[in-house]
Amino acid sequence: PTEAYRSSQFIPGPQLTQHDDPMLMGKMKPSGPQSWRWTIDYFIQKGSDPQRTDEWIKIWDQTFEEDAEATTIQQRNLLSNRAKSFRFIPSRERMSQSIHGLILEALKSGFVT
């Protein structure tokens, strides 16, 4: 891995996604008490169809824009003190719970400083 993605620099907030030829590697890093910075790198397999690759990147860029809008609204609502504390829906979010548990254990073990 490149230096930017070694051990604790990648956790918390990583995203790895593989679609056809492109792979994306993202990192969400807090930039303040109420803000974060998102960086994304796209890796494209040699010989990939440029048009298909461009379509995937267009889809992901739109997805990230929509996610940013949604999280801005969620953050504003959480700060209103009208929303209850975040909790997972056990019947629908087992994978998210599992991943958050692994991150918590890594933090507790000192893997992330």
Item to check | Shared hydrophobic cluster for M95 and I103 (ILVMFWY, side-chain gaps under 4.5 Å) | outcome: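 Yes, M95 connects to I103 through the hydrophobic network.
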Item to check | R37 atom CZ, neighbour heavy-atom count above 12 within 6.0 Å | outcome: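 Not buried by this count: 12 neighbours or fewer within 6.0 Å.
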Checklist entry - Do Q51 and E55 pass the side-chain hydrogen bond (donor to acceptor under 3.5 Å, both in side chains) test, and can you show the C-alpha distance, the side-chain angles, and the key distance before you say yes or no? => result CA-CA 6 Å; Q51 185 176 354; E55 285 299 315; 5.5 Å; no
Roughly how far apart are [X] [atom1] and [Y] [atom2], rounded to 0.5 Å?
X   : Y   : atom1 : atom2 : result
T72 : D67 : OG1   : CG    : 10.5 Å
T63 : W56 : OG1   : CH2   : 9.5 Å
T71 : R76 : OG1   : CZ    : 11.0 Å
I44 : D49 : CD1   : CG    : 11.0 Å
D41 : L24 : CG    : CG    : 9.5 Å
M23 : T17 : CE    : OG1   : 9.0 Å

Item to check | Set of residues satisfying side-chain hydrogen bond (donor to acceptor under 3.5 Å, both in side chains) with respect to E65, sequence neighbours excluded | outcome: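 For E65 there are no side-chain hydrogen bond (donor to acceptor under 3.5 Å, both in side chains) partners, ignoring immediate neighbours.
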Checklist entry - Distance-only, no hydrogens or angles: does the Q18 side chain make a donor-acceptor pair with backbone N or O of P22 under 3.5 Å? => result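 Between the backbone of P22 and the side chain of Q18 there is a qualifying donor-acceptor contact (under 3.5 Å).
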Checklist entry - Counting only N and O atoms by type, is there a donor-acceptor contact under 3.5 Å from the side chain of S109 to the main-chain atoms of A106? => result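 At least one qualifying donor-acceptor pair exists.
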Item to check | Contacts of type ring pair (Phe, Tyr, Trp, His ring centres under 6.0 Å), residue Y42, not counting sequence neighbours | outcome: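 By the ring pair (Phe, Tyr, Trp, His ring centres under 6.0 Å) rule, Y42 matches no residue at all.
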Item to check | Taking every non-hydrogen atom, the tightest pair across S48 and T53 | outcome: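 Looks like CB-OG1, 3.7 Å.
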